[in-house]
Amino acid sequence: DVKVTQSSRYLVKRTGEKVFLECVQDMDHENMFWYRQDPGLGLRLIYFSYDVKMKEKGDIPEGYSVSREKKERFSLILESASTNQTSMYLCASSLWQNTEAFFGQGTRLTVV
Amino acid sequence: GDSVTQMEGPVTLSEEAFLTINCTYTATGYPSLFWYVQYPGEGLQLLLKATKADDKGSNKGFEATYRKETTSFHLEKGSVQVSDSAVYFCALSDQGFQKLVFGTGTRLLVSP
(Lines give C-alpha, C1' and ligand atoms only; values in the text may rest on other atoms or scores of the structure.)
Protein backbone atom coordinates (compact mmCIF):
# COMPACT_ATOMS: atom_id res chain seq x y z
CA ASP A 1 0.00 0.00 0.00
CA VAL A 2 1.32 3.39 -0.96
CA LYS A 3 1.99 5.75 1.88
CA VAL A 4 2.68 9.42 2.46
CA THR A 5 3.24 10.18 6.12
CA GLN A 6 3.20 13.60 7.72
CA SER A 7 4.93 13.83 11.07
CA SER A 8 2.13 15.57 12.99
CA ARG A 9 -1.65 15.72 12.71
CA TYR A 10 -1.95 18.81 14.90
CA LEU A 11 0.53 21.52 15.84
CA VAL A 12 0.23 24.69 17.88
CA LYS A 13 3.07 27.20 17.58
CA ARG A 14 3.70 30.75 18.73
CA THR A 15 4.13 33.72 16.43
CA GLY A 16 7.75 34.11 15.41
CA GLU A 17 8.72 30.48 15.98
CA LYS A 18 10.51 28.48 13.31
CA VAL A 19 8.30 25.55 12.34
CA PHE A 20 9.23 22.34 10.54
CA LEU A 21 6.63 20.14 8.86
CA GLU A 22 7.98 16.77 7.75
CA CYS A 23 6.72 14.46 5.04
CA VAL A 24 7.97 11.02 4.06
CA GLN A 25 6.87 8.81 1.16
CA ASP A 26 7.70 5.16 0.67
CA MET A 27 6.90 4.85 -3.04
CA ASP A 28 10.21 6.03 -4.55
CA HIS A 29 8.35 8.93 -6.17
CA GLU A 30 10.25 11.66 -7.97
CA ASN A 31 7.84 14.53 -7.30
CA MET A 32 6.80 15.87 -3.94
CA PHE A 33 4.48 18.79 -3.12
CA TRP A 34 3.33 20.98 -0.27
CA TYR A 35 -0.15 22.49 -0.40
CA ARG A 36 -2.14 24.50 2.08
CA GLN A 37 -5.88 24.09 2.31
CA ASP A 38 -8.15 26.91 3.44
CA PRO A 39 -11.96 27.12 3.38
CA GLY A 40 -13.24 28.66 0.17
CA LEU A 41 -9.79 28.67 -1.40
CA GLY A 42 -9.24 24.97 -2.05
CA LEU A 43 -5.67 23.73 -2.21
CA ARG A 44 -2.90 26.12 -3.11
CA LEU A 45 0.58 24.98 -4.03
CA ILE A 46 3.38 26.32 -1.84
CA TYR A 47 6.45 24.51 -3.18
CA PHE A 48 7.24 21.37 -5.11
CA SER A 49 10.30 19.30 -5.87
CA TYR A 50 10.99 17.00 -8.82
CA ASP A 51 14.32 15.66 -7.61
CA VAL A 52 16.59 15.56 -4.60
CA LYS A 53 17.92 19.04 -3.77
CA MET A 54 15.67 20.58 -6.43
CA LYS A 55 12.76 22.86 -5.58
CA GLU A 56 10.36 25.11 -7.40
CA LYS A 57 8.08 27.82 -6.07
CA GLY A 58 4.40 27.25 -6.31
CA ASP A 59 1.67 29.85 -6.19
CA ILE A 60 2.14 31.06 -2.59
CA PRO A 61 5.79 30.55 -1.51
CA GLU A 62 6.14 33.72 0.57
CA GLY A 63 7.02 33.00 4.18
CA TYR A 64 7.94 29.38 3.45
CA SER A 65 11.00 27.42 2.43
CA VAL A 66 11.57 23.72 1.74
CA SER A 67 14.28 21.11 1.94
CA ARG A 68 14.71 17.85 0.09
CA GLU A 69 17.98 16.19 1.08
CA LYS A 70 16.73 12.64 0.45
CA LYS A 71 14.32 11.39 -2.17
CA GLU A 72 11.75 10.16 0.32
CA ARG A 73 11.62 13.23 2.56
CA PHE A 74 10.32 16.73 1.85
CA SER A 75 10.24 19.31 4.62
CA LEU A 76 8.29 22.55 4.76
CA ILE A 77 9.80 25.31 6.89
CA LEU A 78 8.05 28.37 8.24
CA GLU A 79 10.95 30.68 9.03
CA SER A 80 8.96 32.90 11.37
CA ALA A 81 5.43 31.69 11.89
CA SER A 82 2.61 34.20 11.65
CA THR A 83 -1.09 33.91 12.45
CA ASN A 84 -2.01 34.05 8.75
CA GLN A 85 -0.16 30.76 8.31
CA THR A 86 -2.74 28.98 10.44
CA SER A 87 -4.02 26.37 8.02
CA MET A 88 -4.18 22.72 7.00
CA TYR A 89 -0.98 21.63 5.27
CA LEU A 90 -1.03 18.69 2.88
CA CYS A 91 1.96 16.86 1.47
CA ALA A 92 1.72 14.80 -1.72
CA SER A 93 3.95 12.77 -4.00
CA SER A 94 3.74 11.43 -7.55
CA LEU A 95 5.78 9.38 -10.00
CA TRP A 96 7.58 11.22 -12.77
CA GLN A 97 5.67 9.31 -15.44
CA ASN A 98 2.35 9.14 -13.62
CA THR A 99 0.44 12.26 -12.74
CA GLU A 100 -1.66 10.72 -9.99
CA ALA A 101 -0.72 12.25 -6.64
CA PHE A 102 -0.91 10.52 -3.27
CA PHE A 103 -1.61 12.63 -0.23
CA GLY A 104 -0.74 12.49 3.43
CA GLN A 105 -3.40 12.98 6.10
CA GLY A 106 -2.52 16.60 6.64
CA THR A 107 -1.14 18.71 9.47
CA ARG A 108 -3.45 21.25 11.04
CA LEU A 109 -1.20 24.09 12.17
CA THR A 110 -2.42 26.80 14.51
CA VAL A 111 -0.20 29.83 15.10
CA VAL A 112 -1.12 31.82 18.19
CA GLY B 1 -2.40 30.28 -16.03
CA ASP B 2 -4.26 27.02 -15.66
CA SER B 3 -7.35 27.08 -13.46
CA VAL B 4 -10.28 24.95 -12.33
CA THR B 5 -13.76 26.20 -11.46
CA GLN B 6 -16.24 24.02 -9.64
CA MET B 7 -19.67 24.66 -8.26
CA GLU B 8 -20.11 26.16 -4.83
CA GLY B 9 -21.43 23.96 -2.09
CA PRO B 10 -22.68 22.56 0.01
CA VAL B 11 -24.71 20.20 -2.10
CA THR B 12 -27.38 18.60 0.06
CA LEU B 13 -29.10 15.43 -1.17
CA SER B 14 -31.20 12.61 0.16
CA GLU B 15 -29.91 9.07 -0.05
CA GLU B 16 -30.39 7.47 -3.52
CA ALA B 17 -30.63 10.86 -5.25
CA PHE B 18 -28.72 11.65 -8.44
CA LEU B 19 -25.56 13.69 -8.05
CA THR B 20 -23.90 16.14 -10.41
CA ILE B 21 -20.99 18.36 -9.41
CA ASN B 22 -19.91 20.70 -12.18
CA CYS B 23 -16.28 21.34 -13.05
CA THR B 24 -14.81 23.42 -15.87
CA TYR B 25 -11.18 24.17 -16.57
CA THR B 26 -8.87 26.53 -18.40
CA ALA B 27 -5.55 25.14 -19.56
CA THR B 28 -2.99 25.32 -22.30
CA GLY B 29 -2.17 22.04 -23.96
CA TYR B 30 -3.88 18.81 -23.01
CA PRO B 31 -4.04 18.35 -19.25
CA SER B 32 -5.07 15.23 -17.40
CA LEU B 33 -8.18 15.69 -15.26
CA PHE B 34 -8.95 14.28 -11.82
CA TRP B 35 -11.55 14.10 -9.11
CA TYR B 36 -10.25 13.75 -5.58
CA VAL B 37 -12.35 13.11 -2.48
CA GLN B 38 -11.61 14.16 1.10
CA TYR B 39 -13.49 12.40 3.88
CA PRO B 40 -13.70 14.14 7.27
CA GLY B 41 -10.36 14.27 9.05
CA GLU B 42 -8.44 12.70 6.19
CA GLY B 43 -6.19 13.69 3.32
CA LEU B 44 -7.25 13.59 -0.33
CA GLN B 45 -7.77 10.33 -2.21
CA LEU B 46 -7.94 9.94 -5.95
CA LEU B 47 -11.51 9.08 -6.99
CA LEU B 48 -11.11 8.92 -10.76
CA LYS B 49 -9.14 10.37 -13.63
CA ALA B 50 -9.13 10.88 -17.40
CA THR B 51 -6.07 11.58 -19.46
CA LYS B 52 -7.45 12.55 -22.87
CA ALA B 53 -10.55 13.94 -24.55
CA ASP B 54 -13.67 11.73 -24.45
CA ASP B 55 -12.13 9.45 -21.82
CA LYS B 56 -14.52 8.44 -19.06
CA GLY B 57 -13.14 7.89 -15.58
CA SER B 58 -15.17 5.77 -13.18
CA ASN B 59 -14.88 4.39 -9.66
CA LYS B 60 -17.26 3.41 -6.83
CA GLY B 61 -20.27 4.34 -8.97
CA PHE B 62 -18.93 7.81 -9.78
CA GLU B 63 -18.25 8.84 -13.39
CA ALA B 64 -16.83 11.84 -15.22
CA THR B 65 -16.18 12.38 -18.93
CA TYR B 66 -13.37 14.57 -20.28
CA ARG B 67 -15.14 17.04 -22.63
CA LYS B 68 -12.60 19.09 -24.53
CA GLU B 69 -15.20 21.04 -26.52
CA THR B 70 -16.82 22.38 -23.36
CA THR B 71 -13.66 22.20 -21.19
CA SER B 72 -15.63 20.30 -18.57
CA PHE B 73 -15.26 17.25 -16.33
CA HIS B 74 -18.52 16.98 -14.40
CA LEU B 75 -18.80 14.37 -11.65
CA GLU B 76 -21.95 12.20 -11.56
CA LYS B 77 -23.35 9.37 -9.51
CA GLY B 78 -26.69 7.74 -10.07
CA SER B 79 -27.57 6.99 -6.44
CA VAL B 80 -25.66 8.58 -3.57
CA GLN B 81 -25.21 7.06 -0.13
CA VAL B 82 -24.70 8.66 3.27
CA SER B 83 -21.11 7.39 3.14
CA ASP B 84 -20.47 9.60 0.08
CA SER B 85 -20.64 12.70 2.27
CA ALA B 86 -17.28 14.37 1.77
CA VAL B 87 -15.57 17.25 -0.02
CA TYR B 88 -14.91 16.68 -3.73
CA PHE B 89 -12.10 18.44 -5.58
CA CYS B 90 -11.71 18.72 -9.32
CA ALA B 91 -8.11 19.09 -10.49
CA LEU B 92 -5.94 19.19 -13.57
CA SER B 93 -2.28 18.44 -14.03
CA ASP B 94 -0.14 20.49 -16.33
CA GLN B 95 2.21 18.73 -18.67
CA GLY B 96 5.34 20.35 -17.33
CA PHE B 97 6.23 19.27 -13.84
CA GLN B 98 2.94 17.50 -13.27
CA LYS B 99 1.78 19.79 -10.52
CA LEU B 100 -1.90 19.66 -9.77
CA VAL B 101 -4.17 22.70 -9.95
CA PHE B 102 -7.26 22.32 -7.77
CA GLY B 103 -10.71 23.79 -7.69
CA THR B 104 -12.06 25.18 -4.41
CA GLY B 105 -13.87 21.97 -3.50
CA THR B 106 -17.57 21.11 -3.19
CA ARG B 107 -18.96 19.71 0.04
CA LEU B 108 -21.57 16.98 -0.41
CA LEU B 109 -23.96 16.18 2.42
CA VAL B 110 -26.18 13.13 2.03
CA SER B 111 -28.98 12.54 4.52
CA PRO B 112 -30.76 9.22 5.15
Side-chain angles (χ1 to χ4, degrees), chain A residues 1-10 21 23-25 27 29-51 54-61 66 68 74 88-108, chain B residues 1-10 21-27 29-52 55 57-59 64 66 73 86-107:
Chain A
D1 223 9
V2 296
K3 205 162 213 179
V4 178
T5 304
Q6 295 182 230
S7 53
S8 305
R9 291 295 301 273
Y10 301 94
L21 303 184
C23 175
V24 176
Q25 51 97 1
M27 297 165 282
H29 283 174
E30 304 290 337
N31 302 329
M32 295 189 76
F33 310 85
W34 276 106
Y35 290 88
R36 64 176 282 177
Q37 181 181 7
D38 300 287
L41 296 176
L43 275 73
R44 293 179 291 167
L45 183 64
I46 305 171
Y47 268 97
F48 64 103
S49 168
Y50 53 89
D51 201 354
M54 304 299 287
K55 60 184 179 184
E56 292 285 337
K57 292 181 179 179
D59 301 316
I60 52 163
V66 291
R68 194 168 181 200
F74 192 37
M88 171 72 85
Y89 290 88
L90 292 168
C91 176
S93 71
S94 68
L95 274 173
W96 179 250
Q97 296 297 331
N98 183 337
T99 58
E100 175 182 349
F102 295 85
F103 281 81
Q105 288 195 297
T107 297
R108 185 166 293 282
Chain B
D2 295 353
S3 66
V4 175
T5 302
Q6 59 182 108
M7 59 192 290
E8 296 259 348
I21 300 178
N22 291 337
C23 171
T24 57
Y25 68 90
T26 302
Y30 303 97
S32 295
L33 300 174
F34 305 84
W35 277 101
Y36 280 82
V37 59
Q38 185 179 36
Y39 298 104
E42 298 185 12
L44 276 69
Q45 304 172 25
L46 179 68
L47 181 60
L48 55 83
K49 67 178 181 181
T51 57
K52 61 184 188 297
D55 266 4
S58 61
N59 186 25
Y66 190 143
F73 193 55
V87 180
Y88 292 81
F89 291 91
C90 185
L92 65 82
S93 73
D94 70 12
Q95 293 181 304
F97 293 109
Q98 302 182 8
K99 43 180 186 147
L100 287 168
V101 176
F102 285 87
T104 53
T106 302
R107 182 175 298 277

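Side-chain atoms are counted along with the backbone in the values below, which use heavy atoms only and exclude waters and symmetry mates. Numbers restart at 1 for each chain; the letters A, B, ... are given by sequence-line order, proteins then strands.
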Contact class of Leu46(B) relative to chain A, heavy atoms under 4.5 angstrom = side chain
Do the side chain of Tyr35(A) and the main chain of Leu100(B) share a donor and acceptor less than 3.5 angstrom apart?
-> yes
Contact part of Leu45(A) toward chain B, heavy-atom cut-off under 4.5 Å: side chain, backbone, both or neither?
-> side chain
Do Val66(A) and Phe74(A) come within less than 4.5 Å of each other through their side chains, counting heavy atoms only?
-> yes
Could you tell me how the ring of Phe102(B) sits relative to the ring of Phe103(A): parallel (under 30°), tilted (30 to 60°) or perpendicular (over 60°)?
-> perpendicular
Select, from Gln37(A), Met88(A), Arg44(A), the one with the greatest count of heavy-atom pairs under 4.5 Å involving chain B.
-> Gln37(A)
What residue, out of Gln38(B), Gln45(B), Glu8(B), Glu42(B), has the most heavy-atom pairs lying under 4.5 Å from chain A?
-> Gln38(B)
Is a side-chain donor or acceptor of Thr106(B) paired with a backbone partner of Gly9(B) at a separation under 3.5 angstrom?
-> no
